[in-house]
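In this text the structure is predicted, and so the values were computed from the model without any measurement.
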Amino acid sequence: MFTRLEWMIAGRYLRARRKEGAISVIAGFSLLGILLGVGALIVVMSVMNGFRAELVKQIVGAQPHVLVVGSSRDGLRDFEALADRLKTVPGVTRAAPRMEQTVMASGPSGEATGVLVRGLAFEDLMDLPAVADPEYFEGSIDAFEDGLAMGDAVARRLGVFIGDKLTLITPPNRDTVGGRISTKRTYTVTYIFRTGYYPYDNQFVFLPLERAQALLNKRGQVDGIGVNVELPDALERRDAFTRVHSDPTSLAIAAVLPPEGWLYNWKDQNSAFLGALDAERGAMFVILSLVILVAALNIISGLIMLVKEKGRNIGIMRTFGMTRGAILRVFFICGMSIGVLGTVLGVIGGMLFVTYIHEIQLFLEGLLGISLWPREVRGLSTLPAIMHASDVVATTVVALLLSLFATWYPAWRAARLDPVEALRYE
């Protein structure tokens, strides 16, 4: 399609002489703009992929994939039989009865704060990977039935360590002749964990199920049953109109529930958060694509200046028999060479940056002496990045299409140039 002569002429035009230095500068900035835009888009999309994957991993690692609950007053009473039925549902890997309520916690230092108490059987706690195999821990999870387990952030805030006593105070939940009063119990801290997901580390306290039932004055019942499934990502959110789930696993679970039971999954519970991540991801792709668009507009201005500068040459080539199509292809090569080279270098640079992003983070933190990714703010201890081939392909396609559209108009103008007009004043 492109002849050797056309490539040769385009190459000569791209190697601008001194008097055409402005064109060369514009071409250089266009190349740099596309390179930075493509590289930044790949890096940002990869970081957002990693951010989402890491958070989802921590979320589903410390909470059930599906939660089956009963009425707010009575909870679930025949929960053991219901848990057994749920375990027979295809795709279900675990069904764990649990209690959960926000209470006040107080440590030996007198510090007090609100915590989320969750009551689980020991074997069900061991099925939570984020707690049983955490990022960091103190004490022994095997001693859980002799005390309690808690997140390291809330432990630091209360000033408690392994072996210390933690006092839990519930809202008023017992009727006496003097009115409703709170329940107050003291437990030994036997296990402190860090999941890596700060909101959980900052509020969770786990108690053995029977002790949680006694503390919350709900003996013989549970608030819900946590269900884990083989494919948590396959679960779907509740329909906004019917308020039911349409995925096969949720439908199978719903089929064995009693009339007062209903369910919601981890995507329902975190729908606002996941929706914000998806919206932010789409917005960042569009915003950073504008950087590539600006660089592509520089290609237009640079090629228009080149066409104007080479008007006499175009007229001579047309006089010697070069067709309009050949002229169009010459300038098309000039513009697309900038776009393709910038895209290739941007893809390579972006992929290298993502590959060594942790080393770059550590280097910058050591150089600047600050934490670029504080857990207390971000909710994660390291900067995550996962590169998807689809993002690289989408970025490459966007950059090449914008370069194509930016190149076409100046090349078309060059092809439409009348040789008589181009040589009139020569």
Residues which pass ring-ring contact (aromatic ring centres under 6.0 Å, His included) with Phe144, listed by chain and number, not counting sequence neighbours = none
What is the minimum heavy-atom distance between Val43 and Gly350, and which atoms define it?
-> CG2-O, 3.8 Å
Smallest heavy-atom separation, Leu168 atom then Leu215 atom, equals CD1-CD2, 3.9 Å
Other residues, nucleotides, ligands: >12 heavy atoms within 6.0 Å of Met351 CE | no
Taking the six-membered ring of Tyr136, is the NZ or CZ of Arg194 close enough (under 6.0 Å from the centre) and on axis enough (within 45°)?
-> yes
Taking the side chain as C-beta and beyond, is there a heavy-atom pair between Pro64 and Val227 under 4.5 Å?
-> no
Cationic N near anionic O, under 4.0 Å, Arg281 to Asp391 | yes
Should the heavy atoms of other residues, nucleotides or ligands under 6.0 Å from CD of Glu80 be counted, would the total exceed 12?
-> no
State whether the number of non-hydrogen atoms from other residues, nucleotides or ligands found under 6.0 Å of Phe285 atom CZ is greater than 12.
-> yes
Is it true that Asp233 and Lys267 have a side-chain N and a carboxylate O under 4.0 angstrom from each other?
-> no
Gly339 and Ser403: which non-hydrogen atoms are nearest, and at how many Å?
-> CA-OG, 3.3 Å
Is the shortest heavy-atom distance from the side chain of Asp124 to the side chain of Met126 under 4.5 Å?
-> no
Count the heavy atoms belonging to other residues, nucleotides or ligands that lie under 6.0 Å from CZ of Phe122, then report whether that count exceeds 12.
-> yes
